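Below is one structure, written out as structure tokens; comments come after it.
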Amino acid sequence: MNALAATNRNFRHASRLLGLDSKIEKSLLIPFREIKVECTIPKDDGSLVSYVGFRVQHDNARGPMKGGIRYHPEVDPDEVNALAQLMTWKTAVVDIPYGGAKGGIGCNPKDLSKSELERLTRVFTQKIHDLIGIHTDVPAPDMGTNAQTMAWILDEYSKFHGHSPAIVTGKPIDLGGSLGREAATGRGVVYATEALLAEHGKSIKDLTFAIQGFGNVGSWVARLIHEKGGKVIAVSDITGAVKNPSGIDIKELLKHKESTGSLKDFNGGDAMDAHELLVHECDVLIPCALGGVLNRENAAEVKAKYIIEAANHPTDPEADEILCKKGVLILPDIYANAGGVTVSYFEWVQNIQGFMWDEEKVNRELKRYMTRGFQNVKNMCKSHDCNLRMGAFTLGVNRVARSTVLRGWEA
């Protein structure tokens with residue numbers, strides 16, 4: 001099942017639990033606006049090349065739309081639609097005043113020089129500058145984009161609208177980016193994990209962890225769990241996988257990855273099959289990489305008691321059912337990985353106020369939002385007698401539906 005079908009299914013289930021009217025259900029599913037633009041740039045050799053750029057703006061009932069821009073050769077409209085919709089529910093779950101959006105350009109950033117990427121980003125911004133805005137739609141980095149991409153968008157947008165640091169988040173610190181933003185998604189995952197474990201009388205230092213993915217999110221999750229005394233016994237990414245039943249020294253693994261660019265040949269553990277990581281013996285499994293990695297083929301073999309969804313949509317609906325029957329507790333992506341968008345919100349607030357926070361304040365506020373979010377999800381689970389995924393979806397959908405009705409759009 002693809003991401004859009006799965007998201008729609010979760011939405012419809014939540015909508016039934018909430019008893020939503022069919023008219024409002026339909027209006028919540030249809031995106032507010034879908035934008036598709038041609039971006040033609042001169043390459044370094046002087047030849048012209050065209051790419052298709054797009055932006056799906058899903059819902060703005062609770063505030064400006066928010067979501068990443070990805071540069072990827074297979075930018076699939078269905079997936080972008082699903083991710084824009086997920087952003088609507090995710091921002092509502094952690095109660096930040098945004099709606100959802102997502103976008104990107106169908107290109108392979110590895111095939112483009114830095115100056116070609118800059119030209120492409122600027123042309124894309126020229127095409128959409130009047131459809132995004134500080135109080136309309138605020139982009140952020142995603143796959144294939146980074147702080148530098150945001151700096152180019154900020155500069156190009158500011159040529160039309162005056163200096164506007166709040167137009168994007170995930171910017172370089174020197175241009176108004178927030179301290180703590182780089183670690184935010186991973187840190188939020190760890191705060192979410194602590195909230196779930198506390199509910200069951202456990203803490204990170206008592207348990208073993210397997211982490212799939214060692215990019216930005218996975219490496220921060222591993223580092224912070226290691227610092228809190230948790231035992232990370234297996235780690236994998238596209239370059240390989242490492243296990244050590246006595247616990248991997250994450251600081252050493254980070255140094256190794258930095259110097260070699262790979263997890264292979266790390267002498268602080270044994271190599272393992274990357275696919276085996278998902279079914280490895282551990283207390284907590286944290287998928288931090290791609291969607292759909294837990295499916296009906298491997299779900300029955302999963303040995304973890306808790307799954308924390310740091311990736312977007314890592315668990316297929318079929319796997320969800322199998323794991324629920326086994327009694328595995330799954331902390332859903334729309335809550336678990338909301339730390340990134342929460343600190344993006346803090347960055348936007350700081351830019352609008354023109355008053356920057358220190359990192360301690362950013363982390364303190366993030367912990368407060370994630371902890372409060374978990375309690376709100378649990379309350380919905382109790383009210384609707386449902387699992388954590390439906391608790392999070394009903395919480396998010398209900399907040400958006402209430403705002404929509406209060407604004408008088410449902411008539």
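The model shown is predicted, which means the values in this text are computed figures rather than measured ones. Sequence positions, counted from 1, serve as the residue numbers for this chain.
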field: Residue Asp385 excluded, over 12 heavy atoms near CG under 6.0 Å
entry: no

task: Considering only NZ, NE, NH1 and NH2 on the basic side and carboxylate oxygens on the acidic side, decide whether Asp95 and Arg62 come within less than 4.0 Å.
output: yes

field: Note: Asp249-Lys251 ion pair, threshold 4.0 Å (strictly below)
entry: no

message: Within this structure, what is the OG-NZ distance for the pair Ser178 and Lys171, rounded to the nearest 0.5 Å?
response: 9.0 Å

- request: Decide whether Gln85 and Thr7 meet the rule of one side-chain donor and one side-chain acceptor closer than 3.5 Å.
  value: no

- prompt: Is the closest basic N to carboxylate O distance between Lys305 and Asp283 below 4.0 Å?
  reply: yes

- request: Please step through salt bridge (Lys or Arg N to Asp or Glu O under 4.0 Å) for the pair Glu252 and Lys255, ending with a clear verdict.
  value: CA-CA 5 Å; Glu252 288 305 311; Lys255 278 185 205 157; 3.3 Å; yes

- prompt: Any side-chain heavy-atom pair from Met380 and Lys378 closer than 4.5 angstrom?
  reply: no

- request: State, to 0.1 Å, how close Phe374 and Ala195 come at their nearest heavy-atom pair, and which atoms those are.
  value: CE2-O, 3.6 Å

- prompt: Side chains of Tyr306 and Leu285: closer than 4.5 Å at any heavy-atom pair?
  reply: no

query: For Ile238, does the CD1 atom have more than 12 heavy-atom neighbours from other residues, nucleotides or ligands under 6.0 Å away?
result: no

query: How many angstroms lie between atom OG of Ser236 and atom CG of Leu263, to the nearest 0.5 angstrom?
result: 7.5 Å

- prompt: If you measure only the distance, is there a donor-acceptor pair under 3.5 Å linking the side chains of Tyr98 and Ser344?
  reply: no

Can you give each donor-acceptor pair under 3.5 Å made by side-chain atoms of residues 133-143, sequence neighbours left out, with the distance rounded to 0.1 Å?
unit_1, atom_1, unit_2, atom_2, d
Asp137, OD1, Arg55, NH2, 2.7
Asp137, OD2, Arg55, NE, 2.8
Asp137, OD2, Gln57, NE2, 2.8
Asp142, OD1, Arg70, NE, 3.4
Asp142, OD1, Arg70, NH2, 3.2
Asp142, OD2, Lys102, NZ, 2.7

query: What distance separates Ile128 CD1 from Tyr157 OH, expressed to the nearest 0.5 Å?
result: 10.0 Å

- prompt: Taking side chain as C-beta onward, heavy atoms only, is Phe209 less than 4.5 Å from Val221?
  reply: no

- prompt: Hey, are the side chains of Ile307 and Leu329 touching, using non-hydrogen atoms and a 4.5 Å cut-off?
  reply: no

Give the table of side-chain donor-acceptor pairs shorter than 3.5 Å for residues 333-343, with sequence neighbours excluded, one pair per line with atom names and distance.
unit_1, atom_1, unit_2, atom_2, d
Asp333, OD2, His313, N, 2.6
Tyr335, OH, Met370, O, 2.6
Asn337, OD1, Lys90, NZ, 2.6
Asn337, ND2, Ala310, O, 3.1
Asn337, ND2, Ala311, O, 3.3
Asn337, ND2, Asn312, OD1, 3.2
Thr342, OG1, Ala338, O, 2.7

message: Salt bridge check, Arg122 against Glu118: does any charged N sit closer than 4.0 Å to a carboxylate O?
response: yes

- line: Tightest non-hydrogen contact, residues Arg407 and Asn60, listed as NH1-O, 3.4 Å

message: Could you check whether Ser15 and Glu25, counting side-chain N and O atoms only, form a donor-acceptor pair closer than 3.5 Å?
response: yes

query: What do the steps show when you test Tyr51 against Tyr71 for ring-ring contact (aromatic ring centres under 6.0 Å, His included), and what is the final call?
result: CA-CA 11 Å; Tyr51 299 96; Tyr71 288 0; 9.0 Å; no

- line: Correct closest heavy-atom pair for Ala299 and Leu323 would be O-CD2, 3.6 Å

Validation row: Ile330, Leu388 side chains within 4.5 angstrom (heavy atoms): no

message: For Ala319, is there any backbone N or O sitting under 3.5 Å from a side-chain donor or acceptor partner on Asp316?
response: no

statement: Sequence neighbours excluded, the answer for side chain to side chain contact (heavy atoms under 4.5 Å, CB included) partners of Asp44 is Ser113, Ser115, Glu116, Arg119

field: Pairwise side-chain contact, Val80 with Phe54, heavy-atom cut-off 4.5 Å (strictly under)
entry: yes

query: So, are Glu365 and Arg368 salt-bridged, with charged N and O less than 4.0 Å apart?
result: yes

Where Gln148 and Asn146 come nearest, the two heavy atoms and their spacing: N-OD1, 3.0 Å

message: Less than 4.0 angstrom from a charged side-chain N to a carboxylate O is my criterion; do Arg9 and Glu318 meet it?
response: no

- prompt: Charged N to carboxylate O under 4.0 angstrom, Arg389 versus Glu309?
  reply: yes

task: For residues Trp89 and Leu28, determine if any side-chain heavy atom of one lies less than 4.5 Å from a side-chain heavy atom of the other.
output: yes

query: Just how far is it from atom CG of Asn376 to atom SG of Cys381, taken to the nearest 0.5 Å?
result: 11.0 Å

- prompt: Would Ile24 and Asp21 satisfy side-chain contact (heavy atoms from CB on, under 4.5 Å), going step by step from the backbone distance to the final call?
  reply: CA-CA 6 Å; Ile24 192 159; Asp21 176 66; 4.0 Å; yes

- request: Please step through side-chain contact (heavy atoms from CB on, under 4.5 Å) for the pair Val400 and Thr88, ending with a clear verdict.
  value: CA-CA 8 Å; Val400 180; Thr88 298; 3.8 Å; yes

- request: Assess whether atom NZ of Lys127 is packed by more than 12 heavy atoms of other residues, nucleotides or ligands within 6.0 Å.
  value: yes

Pair Glu156-Trp152, side-chain donor/acceptor within less than 3.5 Å: no

query: Regarding Ser158 and Asp155, is there a side-chain donor-to-acceptor distance under 3.5 Å anywhere?
result: no

field: Any side-chain heavy-atom pair of Leu254 and Ser219 under 4.5 Å
entry: yes

- request: Could you walk me through whether His58 and Phe32 pass side-chain contact (heavy atoms from CB on, under 4.5 Å), step by step?
  value: CA-CA 5 Å; His58 178 255; Phe32 168 77; over 6 Å; no

